[in-house]
Amino acid sequence: DQQVKQNSPSLSVQEGRISILNCDYTNSMFDYFLWYKKYPAEGPTFLISISSIKDKNEDGRFTVFLNKSAKHLSLHIVPSQPGDSAVYFCAAGGTSYGKLTFGQGTILTVHP
Amino acid sequence: DAGITQSPRHKVTETGTPVTLRCHQTENHRYMYWYRQDPGHGLRLIHYSYGVKDTDKGEVSDGYSVSRSKTEDFLLTLESATSSQTSVYFCAISQTPTNYGYTFGSGTRLTVV
C-alpha cells in the first residue's frame, strides 16, 4: 500500500519556465511534508518542507503547496534551471521516531 | 561533507552470503535510518534506530538485521543475500524525531549475483 505517490515518473521543461511536481498521500496522520532532491551517485538532499498547518511555503525559487482536503502537495520551481535536473522525492512524516515515507520519485529534466 | 559516511560504496556478492553495510556519523545524532532505493518504489525504510541498542523494523525489514552498539555506527546486515536485495542502500541521520531534514549518506550500491 503506497501511502505517498508520485504519479509522474518524469517531467521535461524548458529553462526559464515553471516546473510543477506533484505528490499525493493517503495517510491523514501525516503532518509534515518534504521534498528531497537527488543527483546521480549521491544521497538525497533536503530541499523544502511544509507543516500541515500551512498551505504554502516558499524558499527562493522553490514553493511547496499543500492541499489537505485533497491530500495533495506540489513543488513549483520558478524559473527552472538546467542544474535543477535531478530526481525529486516527496516525503511525509508525523507517525513516530521521525520516520519518513517517500514517494517513487520524479525525474526532472530542464533543457537549456 | 563527512558528517555521515557509508562503506563500502560498491559491493558485488554471491547469493547466500552474509553482507554487512556500515554507516558512520560524526554528528552525534540520535536517530539513524536505513533505506533502500529501487526503481518504481522510491526510498523504503528497512530499519531505524532511536538510540544505542534501540532499533526497530521498517516496512521492508525481512532478510535484514541491524545493530547499533555505539552512537556513531549503524550496521545493516543481509543475513543471506538474495537477488531481490540488489539495490542502492542509503543511511540517514536526524537529530530529533521532529527534524525531518535528514542528512543522507552517499549510498552503497549492492549487487547480488
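What you see below is based on every heavy atom in this structure, not just the backbone, and it leaves out hydrogens, waters and symmetry mates. Below, read A as the first sequence line, B as the second, and so on, with proteins coming before strands; counting in each chain starts at 1.
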Shared ILVMFWY cluster between [X] and [Y], side chains joined below 4.5 angstrom?
X: Leu75(B); Y: Ile46(B); result: no
X: Phe102(A); Y: Phe30(A); result: no
X: Val60(B); Y: Leu110(B); result: yes

With sequence neighbours left out, write down each residue that passes side-chain hydrogen bond (donor to acceptor under 3.5 Å, both in side chains) with Ser69(A), or none if nothing qualifies. Asn67(A)
Please go through Ile20(A)'s hydrophobic cluster and name the other residues, only I, L, V, M, F, W, Y counting, with side-chain heavy atoms under 4.5 Å joining them. Ile18(A), Val78(A)
My understanding is that a hydrophobic cluster links ILVMFWY residues whose side chain heavy atoms are under 4.5 Å apart, including indirect links. Using that, what else belongs to the cluster containing Val113(B)? Val12(B)
Is it true that atom CZ of Arg17(A) has more than 12 heavy atoms of other residues, nucleotides or ligands lying nearer than 6.0 Å?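 Counting neighbours around CZ of Arg17(A), 12 or fewer heavy atoms of other residues, nucleotides or ligands fall under 6.0 Å, so no.
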Hey, which of Gly105(A), Ala91(A), Gly43(A) has the most heavy atom pairs under 4.5 Å with chain B? Gly43(A)
Chain A and chain B: which donor-acceptor pairs fall below 3.5 Å?
unit_1: Tyr36(A); atom_1: OH; unit_2: Tyr100(B); atom_2: O; d: 2.4
unit_1: Tyr36(A); atom_1: OH; unit_2: Tyr102(B); atom_2: N; d: 2.8
unit_1: Ala41(A); atom_1: O; unit_2: Arg9(B); atom_2: NH2; d: 3.4
unit_1: Gly94(A); atom_1: N; unit_2: Tyr100(B); atom_2: OH; d: 2.9
unit_1: Tyr97(A); atom_1: O; unit_2: Tyr33(B); atom_2: OH; d: 2.7
unit_1: Gly98(A); atom_1: O; unit_2: Tyr33(B); atom_2: OH; d: 3.4
unit_1: Gly98(A); atom_1: O; unit_2: Tyr102(B); atom_2: OH; d: 2.5
unit_1: Leu100(A); atom_1: N; unit_2: Tyr35(B); atom_2: OH; d: 3.3
unit_1: Leu100(A); atom_1: N; unit_2: Tyr102(B); atom_2: OH; d: 3.2
unit_1: Leu100(A); atom_1: O; unit_2: Tyr35(B); atom_2: OH; d: 3.0

Portion of Leu43(B) that has a non-hydrogen atom of chain A nearer than 4.5 angstrom: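 Interface part for Leu43(B): both.
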Please classify the contact between Leu34(A) and chain B as side chain, backbone, both or neither, with a heavy-atom cut-off of under 4.5 Å.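 Interface part for Leu34(A): side chain.
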